[in-house]
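Structure record follows, encoded as structure tokens.
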Amino acid sequence: MKGESFLSFPKLRGWRLCRRGRWRALKSQILAASLTCTVLFVYACTQDLLQSPMHFSLLWGTSSQPTQVTLLIWYEPFGKRRRLGDCHVLFNVTGCHLTTNRSLYQESDAILFHHRDIGDFGDFPFEKRLPSQKWIWMNFESPSHSPWLSSLGGIFNWTMSYRVDSDVFVPYGYLFSRKRSKIIIPRKKNLVAWVISNWNEDHERVQYYNQLREYIDIDIFGRYGMDLKQDNIVKTVSEYKFYLAFENSLHTDYITEKLWRNAFKSSAVPIVMGPSRYNYEMFIPRNSFIHVDDFSSPRKLAMYLKFLDKNMHMYRRYFTWKKRYDVHVTSFWDEHYCTACETIKAAGSQHRTMTDLAGWFES
Ligand SMILES: *[C@@H]1O[C@H](CO)[C@@H](O)[C@H](O)[C@H]1NC(C)=O
Ligand SMILES: *[C@@H]1O[C@H](CO)[C@@H](O)[C@H](O)[C@H]1NC(C)=O
Ligand SMILES: *[C@@H]1O[C@H](CO)[C@@H](O)[C@H](O)[C@H]1NC(C)=O
């Protein structure tokens, strides 16, 4: 299963849902060392099908699938108005009607509630609620930055987040397979870069940085450092060999654009701080990144980076994935809405309520 044991997607929607099962299987450590990839895949998919009629209808097709779905976006995320995209034009997802017009409540199949905008439930349509409607809780912040979670039990039917086990799973990015090609790495003039906009001395990432910089030069960009070249992160970071892809908080599956865009798109080797290495390896190949936990101290990490700086052959090995994969960085918010729509279309009509939302999301 060389290079295949992580969460990559063929750029074909639908497969994604089945592949999710594989992740659940991996996560629950059903993975027996002797299983071949194919067996694992079939097994995991079957598990998924047993657990969820949704995937069954997706794979085999049933006449109960709605062909047209209306998705009402109750809050425009962070109060910002935007034009909604056309799912067919953008992602080849047909039969999807996105709207923010609350007058269409009665005819909506699902209502999307963005966590950060919920407030005191003052404008929640509780009394108009139809039993067949799916209320979807949507959140792409980590638990550390998601207040009032504990008041949300028993309200929503579905979850939508970066967590693999969400009902609508939308990661911040992913690798997708493509035709074999040559590895191209831009010329590197510099060593380590970090773009940071939220500087907090209490954050683990800042404390780690403060130690690391004693042993190796790190260029800081953003509000507290240098300006980005042409205001462009990828252009700037492409000139660096390494990138500090440090998350603002450490949680299951919480791997953001800091990895996918800032590091991978820039062809800089990510030095990650976030969930465990084991968790990262569900998303990306094990030899594509450096985890701070791989080293017993920032000093040892610095020594290793200096070693790689002098050893081009070893450095280039971190890009082996580029032979067969490319990076997709998820774009907010059309891709999220269209993925939700697609999942609703495939879901059938089973009923469900998230009773312990906080317990799940914080786990
Ligand atoms: C769009 O989706 C349809 C079926 O859902 C498929 O047959 C077609 O090839 C897709 N087109 C593109 C450009 O991917
Ligand atoms: C919202 O939908 C209602 C009912 O279809 C329609 O009368 C109204 O013009 C729509 N409002 C907007 C802002 O599009
Ligand atoms: C959604 O949750 C509500 C509240 O628990 C429940 O009454 C309703 O049947 C659920 N609907 C679906 C489609 O799951």
Side-chain angles (χ1 to χ4, degrees), residues 9-18 51-76 79-113 115 118 121 123-138 149-160 165-168 174 176-179 326 328 334-335 337-361:
F9 303 112
K11 259 210 155 173
L12 172 70
R13 293 170 167 273
W15 256 83
R16 254 165 96 156
L17 293 172
C18 188
Q51 283 163 12
S52 158
M54 168 175 123
H55 301 150
F56 192 85
S57 63
L58 179 75
L59 292 170
W60 275 272
T62 66
S63 50
S64 67
Q65 276 183 36
T67 49
Q68 180 77 36
V69 156
T70 298
L71 178 62
L72 172 58
I73 296 143
W74 194 255
Y75 302 112
E76 306 227 35
K80 288 202 194 98
R81 294 198 70 108
R82 335 170 32 260
R83 269 184 66 151
L84 295 172
D86 179 322
C87 294
H88 190 198
V89 173
L90 293 171
F91 305 107
N92 196 24
V93 173
T94 54
C96 183
H97 177 210
L98 304 178
T99 182
T100 53
N101 185 345
R102 294 187 182 181
S103 311
L104 301 182
Y105 180 83
Q106 297 294 330
E107 54 214 78
S108 300
D109 299 278
I111 326 289
L112 209 55
F113 298 92
H115 177 77
I118 287 175
F121 304 108
D123 56 0
F124 260 49
F126 283 119
E127 60 306 332
K128 290 192 287 184
R129 188 165 193 175
L130 307 174
S132 62
Q133 261 171 349
K134 291 181 175 71
W135 284 20
I136 305 175
W137 176 79
M138 174 173 81
L149 277 173
S150 57
S151 58
L152 300 181
I155 295 174
F156 299 98
N157 303 103
W158 277 16
T159 57
M160 172 167 171
D165 55 2
S166 308
D167 298 290
V168 183
Y174 55 85
F176 61 93
S177 45
R178 59 145 190 218
K179 276 227 292 284
D326 207 344
H328 173 82
D334 288 331
E335 196 171 343
Y337 299 153
C338 297
T339 306
C341 222
E342 196 186 25
T343 314
I344 297 158
K345 268 173 61 183
S349 56
Q350 82 276 23
H351 284 226
R352 192 161 99 70
T353 305
M354 273 310 278
T355 44
D356 186 13
L357 189 107
W360 164 73
F361 196 59

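Here, residue 1 is the first one in the sequence, and each next residue gets the next number. Computed over heavy atoms, backbone and side chain alike; hydrogens, waters and symmetry mates excluded. When a ligand or atom number is given, it counts from 1 through the structure's own listing order. Just so it is clear, the model here is predicted, and its values are computed rather than measured.
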Evaluate the side-chain proximity of [Y] to [X]: yes if any heavy-atom separation is below 4.5 Å, no if none is.
X      : Y      : answer
Met138 : Trp158 : no
Trp135 : Trp74  : no
Leu84  : Thr100 : yes

Is the closest N or O pair between Ile155 and ligand 3 shorter than 3.5 Å?
no
If you measure every N/O of Arg129 against every N/O of ligand 3, is any gap under 3.5 Å?
yes
Is it true that the SG atoms of Cys96 and Cys341 are less than 2.5 Å apart?
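Correct, these two cysteines form a disulfide.
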Would you mind listing which atoms of ligand 3 come within a distance below 4.0 Å of any non-hydrogen atom of Arg352?
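The atoms of ligand 3 under 4.0 Å from a heavy atom of Arg352 are 1 (C), 2 (O), 10 (C), 12 (C), 14 (O).
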For Ser132, atoms of ligand 3 separated by under 4.0 Å from a heavy atom:
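Counting atoms of ligand 3 from 1, those under 4.0 Å from Ser132 are 13 (C).
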Between Phe121 and Phe124, what is the ring plane arrangement, given parallel below 30°, perpendicular above 60°, and tilted in between?
perpendicular
Using only heavy-atom distances, determine whether the side chains of Thr99 and Asn101 contain a donor-acceptor pair under 3.5 Å.
no
Any chance the side chains of Glu107 and His97 put a donor and an acceptor closer than 3.5 Å?
no
Residues Asp123 and Arg102 bridged, charged N to O under 4.0 Å
yes
For ligand 1, what are the residues with a heavy-atom contact below 4.0 Å?
Asn92
Once you restrict to heavy atoms under 4.0 Å, what part of Gln133 touches ligand 3? Side chain, backbone, both or neither.
backbone
